[in-house]
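Have a look at the structure below before the remarks.
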Amino acid sequence: MENEEQHNTRDQNHKPQDLPQVLLLKPPPVLSVLGEHHFLSNKYQLLKAWESHLPLDQFLTTHADSIQAILCSGAAPVTDDLLHLLTSVRLVVTASAGTNHIDLEACRRRGISVTNAGTVFSDDGADAAVGLLIDVLRKITASDRYVRQGIWVNKGDYPLGSKLRGKRVGIVGLGGIGLEVAKRLEAFGCNVLYNSRQKKAFLDQYPFYSDVCELAANSDALIICCALTDQTRHMIDKEVFSALGKEGVIVNIGRGAIIDEKEMVQCLVHGEIAGAGLDVFGNEPDVPKELFELDNVVLSPHRAVFTPESFMALCELVVGNLEAFFSNRPLLSPVIDT
Ligand SMILES: O=CC(=O)O
């Protein structure tokens, strides 16, 4: 069996300039794991834009004809202009489930394949969504503050939380994460309803609402798990909050911009909905300051889907997609397969 040293020596026989160039505009969160990945560093020339001494536009122009793939996350957009400049790009691999930072239409038009995180994040995303819901209903982090700040001793018992069992929970977006949320909520004894682009023929057990307002009117809580697209931007608006009502709770692990955040803040401040569990925001990492004052709001810094375990799985998927693409095999988690 060859040892690590032999393995590296053999791979180093490739001159870096012979290897396919993969552009990274900003470090994706998974890079700490990926950077260690021998396969990736031995088989590709990773062009890390932030490490270059050149200004970004000069750096890109220098490599414009030779970059064959882009490895990205939500941190830097992949625009039509960028793809116009990088004439040899044939693949965009995003280390995220969401693809709203990529101009998918431009990729389609230019014959560029796109892959995402597939279902790698579904379990962790669903766990976090249900965790946020339970936290809001049972006031877990709020009561933690109550104890830590010594208020329990002075003021006595903390107000009661609300029961999860029996709640009607409307899931907006029944993809990989949404389905896992539904499974978990069933186990907790909730009634699951959903909205998505289309009714899922294979899922008779959950009532489908084509109208998100109607879903909200029939739900005690809404969990947003859908993708951010032109159709879903600000889809959760004043009307939806009114339909959800004073006792209603909202959880968002999708993207901040799916919610009209200004309206949500107003509804929370004025008690027009009961609470919120939020992992994502309209302008991260800035979070509307009004939310900091509200004990019925649980905040999390866009970490719902990230665990060391999901990072390891993501790392294998990213490498697998690059390997598949450059050896003409089917992509593992295609969003666009050209
Ligand atoms: O938000 C995280 C993702 O889209 O993967």
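By convention here, the first residue in the shown sequence is residue 1. Just so we're clear, the structure is a prediction, and the values are computed from it rather than from any experiment. Heavy-atom basis, side chains included; hydrogens, waters and symmetry copies ignored.
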Just by distance, no angles: are the side chains of Thr87 and Asp65 close enough, under 3.5 Å, to form a donor-acceptor pair? yes

Verify the distance criterion only: is there a donor paired with an acceptor across the side chains of Glu186 and Tyr206 at less than 3.5 Å? yes

Got a second to check how far Leu299's CG is from Phe281's CZ, nearest 0.5 Å? 5.0 Å

For the side chain of Ser310 and the backbone of Val305, is there at least one donor-acceptor N/O pair under 3.5 Å apart? yes

For atom CD of Glu247, decide whether the heavy atoms of other residues, nucleotides or ligands shown that lie under 6.0 angstrom number more than 12. no

Hey, is the main chain of Ser73 close enough, under 3.5 Å, to the side chain of His101 for a donor-acceptor pair? yes

Considering all heavy atoms of both residues, which atom of Leu91 and which atom of Ile112 are nearest to each other, and what is their separation? N-CG2, 3.8 Å

In this structure, CD1 of Ile250 is separated from CG of Leu278 (nearest 0.5 Å) by 8.0 Å

Taking every heavy atom of Cys225 against every heavy atom of Gly173, the minimum-distance pair comes out as CB-O, 3.5 Å

For atom CD of Gln198, decide whether the heavy atoms of other residues, nucleotides or ligands shown that lie under 6.0 angstrom number more than 12. no

Point-to-point distance, once rounded to the nearest 0.5 Å, from SG of Cys267 to CD1 of Ile236: 11.5 Å

So does Thr232 get a backbone contact from the side chain of Thr229, meaning a donor-acceptor N/O pair under 3.5 Å? yes

Regarding Arg255 and Asn100, is there a side-chain donor-to-acceptor distance under 3.5 Å anywhere? yes

Suppose we call two aromatic rings close when their centres sit under 6.0 Å apart. Are Tyr209 and Tyr194 close by that rule? no

Residues Arg184, Asp127: salt bridge by 4.0 Å N-O rule: yes

Looking only at the side chains, is there a donor atom on one of Ser122 and Glu180 sitting less than 3.5 Å from an acceptor on the other? no

Rounded to the nearest 0.5 angstrom, the CZ-CD1 distance for Phe241 and Ile273 is 5.0 Å

Asn195-Ser210 side chain donor-acceptor pair, cut-off 3.5 Å: no

Under a 4.5 Å cut-off applied to non-hydrogen side-chain atoms, are Leu179 and Lys183 in contact? no

Check the pair Asp295 / Lys139 against salt bridge (Lys or Arg N to Asp or Glu O under 4.0 Å), numbers first and verdict last. CA-CA 8 Å; Asp295 247 2; Lys139 308 177 193 287; over 6 Å; no

Is there a donor-acceptor pair under 3.5 Å between the side chain of Ser143 and the backbone N or O of Ile140? yes

Side-chain heavy atoms of Glu323 within contact of Arg329, under 4.5 Å: yes

Answer whether the closest heavy-atom distance between the side chains of Leu83 and Ile70 falls below 4.5 Å. yes

Least distance between heavy atoms, Ala129 atom then Val251 atom: O-CG1, 3.8 Å

Residue pair Phe208 / Leu203, side-chain heavy-atom distance below 4.5 Å: no

Checking the side chain of His270 only, and the main-chain atoms of Gln266 only, is there a donor and an acceptor separated by less than 3.5 Å? yes

Crowding at NZ, Lys289 (>12 non-hydrogen neighbours, <6.0 Å): yes

Looking only at non-hydrogen atoms, find the nearest pair between Val92 and Cys107 and report the distance. CG2-SG, 4.4 Å

Using modelled atom types only, decide if a donor and an acceptor are shared between the side chain of Asp237 and the backbone of Val240 within a distance under 3.5 Å. yes

Taking atom CZ of Arg110 and atom CD of Glu105, what is their separation to the nearest 0.5 Å? 10.5 Å

I would like to know whether Thr79 and Asp103 meet side chain to side chain donor-acceptor pair (under 3.5 Å); could you show each step before the answer? CA-CA 5 Å; Thr79 61; Asp103 187 334; over 6 Å; no

Do Gln68 and Gln21 have side chains that approach each other closer than 4.5 Å (heavy atoms only, starting at C-beta)? no

Test Ser113 against Thr338 for side chain to side chain donor-acceptor pair (under 3.5 Å), laying out the working first. CA-CA 5 Å; Ser113 296; Thr338 53; 2.8 Å; yes

Any donor-acceptor pair under 3.5 Å linking the side chain of Arg168 with the backbone of Asn218? yes

Nearest-0.5 Å distance, CG of residue Asp220 to SG of residue Cys190: 9.0 Å

Would a 4.5 Å heavy-atom cut-off, applied to side chains only, mark Leu71 and Leu23 as touching? no

Taking atom types as modelled, find out whether Ser333 and Thr115 have a side-chain donor-acceptor pair closer than 3.5 angstrom. no

Leu314 and Ala117: which non-hydrogen atoms are nearest, and at how many Å? CD1-CB, 3.8 Å

Between Asn116 and Thr99, is any side-chain donor less than 3.5 angstrom from a side-chain acceptor? no

Before giving the answer on side chain to side chain donor-acceptor pair (under 3.5 Å), spell out for Ser219 and Lys167 the whole-Å C-alpha distance, their side-chain angles and the decisive distance to 0.1 Å. CA-CA 8 Å; Ser219 300; Lys167 288 280 184 297; over 6 Å; no

Should the heavy atoms of other residues, nucleotides or ligands under 6.0 Å from CZ of Arg197 be counted, would the total exceed 12? no

Is there a side-chain contact between Ile67 and Ser88 in this structure, where contact means two heavy atoms from C-beta onward sitting under 4.5 Å apart? no

Say whether, by atom type as modelled, one donor and one acceptor occur between the side chain of Asp279 and the main chain of His302 under 3.5 angstrom. yes

Would you confirm whether Asn283, through its side chain, and Asp286, through its main-chain N or O, come within 3.5 Å as a donor-acceptor pair? no

In terms of heavy-atom contacts, does CH2 of Trp50 have more than 12 from other residues, nucleotides or ligands at under 6.0 Å? yes

Would you say Phe326 has more than 12 foreign heavy atoms packed within less than 6.0 Å of its CZ? yes

Measure from the side-chain N and O atoms of Asn154 to the backbone N and O of Gly150, and report whether any donor-acceptor pair falls under 3.5 Å. yes

